[in-house]
J.: 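The structure follows.
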Amino acid sequence: MNYKGNEQGFYGEFGGAFIPEMLYHNTNELKENYLQIINSKVFKKEFKDLLKEYVGRPTPLYYAKRLSKKYNTNIFLKREDLNHTGAHKINNTIGQILVAKQMGKQRIIAETGAGQHGVATATVCALMGLECIVYMGEVDIKRQAPNVARMKMLGAEVRPAISGSKTLKDATNEAIRDWIANPVDTYYLIGSVVGPHPYPDMVARFQSIISKEMLSQLQEKTGRDYPDKIIACVGGGSNAAGAFYHYLDNTKVELIAVEADGLGVATGKTAATTQVGSEGIIHGSKTLLMQNSEGQITEPYSISAGLDYPGVGPLHAHLFKTGRGKFIGATDKEALDAAFELTLLEGIIPALESAHALAVLKKITCKPDENIVVNLSGRGDKDMETYINRMD
Amino acid sequence: MKRTEELFRTKKNILNIYVTAGFPKLNDTVPIVQELVKNGVSMIEIGMPFSDPLADGPTIQHSSEVAIENGITLALIFKQIEEIRKTVTIPILMMGYYNQILQYGDKAFFEKAKAVGVDGFIIPDLPLAIYQEKYKQILQHLDLDFIFLITPQTTDDRIRLIDNESSGFLYIVSSFAITGSKSDIQQNQLDYFEHINKLNLKNPKLIGFGISNKKTFDTACKHAEGAIIGSAFIKALSKNNDLEGSVKAFVQSVI
């Protein structure tokens, strides 16, 4: 089975480009150019150099000794939290900013939920001297003040999305509208493996550096270039796409995608798209999404703003439908418990998103001789307010 | 003969008005359309309110949110159109997003629309290739129009391809914009309209996006068979409670 998508951006029945004619030229221009650009020698060198010297890659594959002991197995943490700006998001923004530059674009727009992608975009725009506009839901601007300040300090303009539910999906709508109104000079830098083709494929390729490094790191540490299980959280799904990418066809590796159950799937206050969603179209892509019987897209809920998206990327919809990926949920509470557990056992404060991935260690069976990789997608600085409230 | 065909054969300066179903009140759609027709509007576009209308601006998105809040559903929209059809003979189109149609059931949706007297559809995020593969045959069989958009960035080759696949008319997007933006028509837009006219396309053309008043409507009519007004009309409806008075005043201010 092909898990990496075809030339039209379809992963099985999911993906494609369901976009109004106003976006046809923009996406087509990108589609015609992206593979040639990212396969060029110049791009490869610049991307590699920046990831090494600027982002700080490769990120360690850390053997978490005390955590492993607790779960009586071998747990490795892929330390994406150690990247510049504190999460995996920058792997993608470095890649896309180089594409934008190559295409001669002067103005960069992006959407952001928790602000991590916004910060990663503002960062690379500062690095390249390009204008940066980040759309962010009005509600998210209020609950993610430190990241808003970071973006502003980095020279970006943060524009509030005031339509709809005023969160990530509305920020995405606003960014797409900006792109419609400014098709010539503007590049839309999407933050996850979502949106119309070629975005899901392009973003997955940039994030695939995560699993590419795992190949040699695992070989060195375990004598085998693959683990038994990879666990990663899924909102839109970019860190999971990157952690799974080079193992998609290796069926000896169990791929575990962790969604945010929120207060619990049964309460309706959830972001577990594969559990409560159905097939449809969101942001130009055919995939699984949360909607009502009229096809109105409904509002997800999770304590973690980065998992608070009412869809999953088409790759993940395909992994779910084919059974290649195993989808498990973790509630707010389970994620918080896991965050404190990791902090006390290993001295690493994880992002709330990554804490969802850690939470499923309690829910799965791991043998003592198994090697498990948990993708630690980000660090917890941005979540300190939530963690402090929990300690009180 | 199709209602759209008949209209373009017999009439010039066609005014097509977009009406968000279920706005401002759930059951206002029928009286609004009746009043529009009474005042000389030639074609009606019934908007199917969607939570995430990518191609629409803030005015139409807001009206959609209000309508969804009011409880609008596709079943109710079909009932309203059925009611409208009892007295109204001009072409009625439905405008909405592909996800809504998929959830209703695509084939059932088109068949139901035909049964209540709909003449055609504008579904901006249903791509040409998917239309050709999945829906062209059904719609031709039901004798329904499918209207595609073209924009200032659509290449001549693609315009011809779209013209070939469209029926009813071509929706000419006037500028790089979402609905409800800009207020005057610029010279480069006029050049673009004239460029399209020189292509000698088989379909008539209506200009939309940025048409808001008599001045812009008249300009559009000089370069196409007519125009579509959406956001400006929805704004006019929002201003006061005298529904019929607002509709009448708006249409009379344009034609």
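We name chains A, B, ... by the order of the sequence lines, and we start the count at 1 in each one. Treat the numbers as computed from the prediction; the structure is a model and nothing was measured.
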J.: When heavy-atom pairs shorter than 4.5 Å are enumerated against chain A, which of Ala75(B), Ser64(B), Pro53(B), Pro152(B) gives the highest number?
T.: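 When all of Ala75(B), Ser64(B), Pro53(B), Pro152(B) are compared, Pro53(B) has the most.
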J.: Give a yes or no answer on whether the side chain of Gln61(B) reaches the backbone of Ser163(A) with a donor-acceptor pair at less than 3.5 Å.
T.: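 Side chain of Gln61(B) to backbone of Ser163(A), a donor-acceptor pair under 3.5 Å: no, none is there.
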J.: Main chain of Ile297(A), side chain of Ser51(B): is a donor-acceptor contact present, judged purely on distance under 3.5 Å?
T.: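 Side chain of Ser51(B) to backbone of Ile297(A): a pair is present.
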J.: Can you tell which part of Leu289(A) gets under 4.5 Å to a heavy atom of chain B, answering side chain, backbone, both or neither?
T.: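 Side chain only.
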J.: With sequence neighbours excluded, give me every side-chain hydrogen bond (donor to acceptor under 3.5 Å, both in side chains) pair touching residues 96-109 of chain B.
T.: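 Of all non-adjacent pairs touching residues 96-109 of chain B, those that pass side-chain hydrogen bond (donor to acceptor under 3.5 Å, both in side chains) are Gln291(A)-Asn99(B), Gln291(A)-Gln103(B), Asp56(B)-Tyr97(B), Tyr98(B)-Tyr135(B), Asn99(B)-Gln103(B), Asp106(B)-Tyr135(B), Lys107(B)-Glu111(B).
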J.: Where is the tightest heavy-atom contact between Tyr171(B) and Gly208(B), given as atom of each residue plus distance?
T.: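 Reported closest heavy-atom pair: CE2-CA, 3.7 Å.
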J.: Which one, Thr151(B), Leu102(B), Asp52(B), leads in non-hydrogen pairs under 4.5 Å with chain A?
T.: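 Of the options given, most contacts go to Asp52(B).
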J.: Using only atom types and a distance under 3.5 Å, with no angle test, would you say the side chain of Asp170(A) pairs donor to acceptor with the backbone of Gly137(A)?
T.: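 Judged by distance alone, no pair lies under 3.5 Å.
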J.: Could you tell me whether the side chain of Lys114(B) and the main chain of Leu142(B) form a donor-acceptor pair under 3.5 Å?
T.: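 Yes, because the side chain of Lys114(B) sits within donor-acceptor range (under 3.5 Å) of the backbone of Leu142(B).
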J.: Most heavy-atom pairs under 4.5 angstrom with chain B, which of His283(A), Glu279(A), Gln8(A), His25(A)?
T.: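 Heavy-atom pair counts peak at His25(A).
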J.: Could you walk me through whether Tyr131(B) and Phe146(B) satisfy the ring pair (Phe, Tyr, Trp, His ring centres under 6.0 Å) test, starting with their C-alpha distance in whole Å, then the side-chain angles of each, then the deciding distance to 0.1 Å, before giving a yes or no?
T.: CA-CA 9 Å; Tyr131(B) 168 77; Phe146(B) 199 88; 4.6 Å; yes
J.: Just by distance, do the side chain of Gln189(B) and the backbone of Gln186(B) share a donor-acceptor pair under 3.5 Å?
T.: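 A pair under 3.5 Å: yes.
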J.: Do any of residues 154-169 of chain B have a heavy atom less than 4.5 Å from a heavy atom of chain A, and if so, which, in residue order?
T.: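 Within residues 154-169 of chain B, near chain A: Thr154(B), Arg158(B), Ile162(B).
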